[in-house]
Amino acid sequence: YLPFKGTASGAKEQEATNFLEKRVERIENYTFEETVRTAIVCLGSVLGSDFRGNEIEVACVQGKEGRFRCLTEEEIEEHLNAIADDADA
């Protein structure tokens with residue numbers, strides 16, 4: 001059921017939803033890092049753009065308590081570097 005595994009909203013919602021639907025079977029087994037990176041790659045793919053850590057905001061809800069937090073610019077930059085490294089491999 002897609003809304004519990006990945007969803008999108010906004011101007012390019014359909015494109016983002018299509019991107020996520022292609023990965024929905026694997027998303028369930030993703031680590032936190034893989035999930036964040038998939039979200040960032042989805043955003044970049046839909047917008048046709050690359051980002052820097054200070055150009056986007058990433059937030060997550062984790063754990064059974066549903067703790068919401070925003071990632072720091074440094075954390076986002078680490079994920080962007082990992083995405084770039086994966087693309088180079």
Side-chain angles (χ1 to χ4, degrees):
Y1 186 68
L2 184 62
F4 291 101
K5 294 182 182 179
T7 191
S9 65
K12 299 212 175 196
E13 174 181 345
Q14 190 57 55
E15 292 93 332
T17 300
N18 291 343
F19 181 98
L20 294 170
E21 282 177 345
K22 291 176 185 174
R23 291 156 179 79
V24 74
E25 294 302 320
R26 296 183 308 226
I27 287 174
E28 187 174 315
N29 299 314
Y30 279 7
T31 64
F32 172 75
E33 288 77 16
E34 290 170 319
T35 303
V36 170
R37 291 174 191 161
T38 299
I40 294 171
V41 170
C42 178
L43 183 62
S45 173
V46 168
L47 297 178
S49 174
D50 291 328
F51 306 107
R52 292 187 200 148
N54 64 349
E55 296 175 328
I56 61 172
E57 293 179 345
V58 178
C60 62
V61 178
Q62 282 184 283
K64 294 184 183 203
E65 305 84 35
R67 188 174 67 93
F68 178 90
R69 76 176 187 95
C70 294
L71 275 64
T72 65
E73 190 175 312
E74 292 77 24
E75 289 174 307
I76 295 169
E77 200 61 54
E78 287 176 23
H79 287 291
L80 291 170
N81 289 335
I83 291 167
D85 290 346
D86 288 346
D88 291 342

When rounded to the nearest 0.5 angstrom, what distance separates [atom1] in [X] from [atom2] in [Y]?
X: Ile56; Y: Leu71; atom1: CD1; atom2: CG; value: 9.5 Å
X: Cys42; Y: Lys12; atom1: SG; atom2: NZ; value: 11.5 Å
X: Leu43; Y: Thr38; atom1: CG; atom2: OG1; value: 12.5 Å

Mind listing the side-chain donor-acceptor pairs of residues 75-89 below 3.5 Å, one per line with the distance, residues two or more places apart or on another chain?
residue: Glu75; atom: OE1; partner: Arg69; partner atom: NH1; Å: 3.2
residue: Glu75; atom: OE1; partner: Thr72; partner atom: N; Å: 2.8
residue: Glu75; atom: OE1; partner: Thr72; partner atom: OG1; Å: 3.4
residue: Glu75; atom: OE2; partner: Arg69; partner atom: NH1; Å: 3.4
residue: Glu75; atom: OE2; partner: Arg69; partner atom: NH2; Å: 3.2
residue: Glu77; atom: OE1; partner: Gly53; partner atom: N; Å: 2.8
residue: His79; atom: ND1; partner: Arg37; partner atom: NE; Å: 3.0
residue: Asn81; atom: ND2; partner: Glu77; partner atom: O; Å: 3.3

Side-chain heavy-atom pair [X], [Y] within 4.5 angstrom cut-off:
X: Cys70; Y: Val58; result: no
X: Asn18; Y: Glu15; result: no
X: Cys60; Y: Phe32; result: yes

* **Test item: Thr35 side-chain N/O and Thr31 main-chain N/O as donor-acceptor pair under 3.5 Å** => yes
* Closest heavy-atom contact between Phe19 and Val41? ->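 Heavy atoms only, the tightest pair is CZ-CG1, 3.7 Å.
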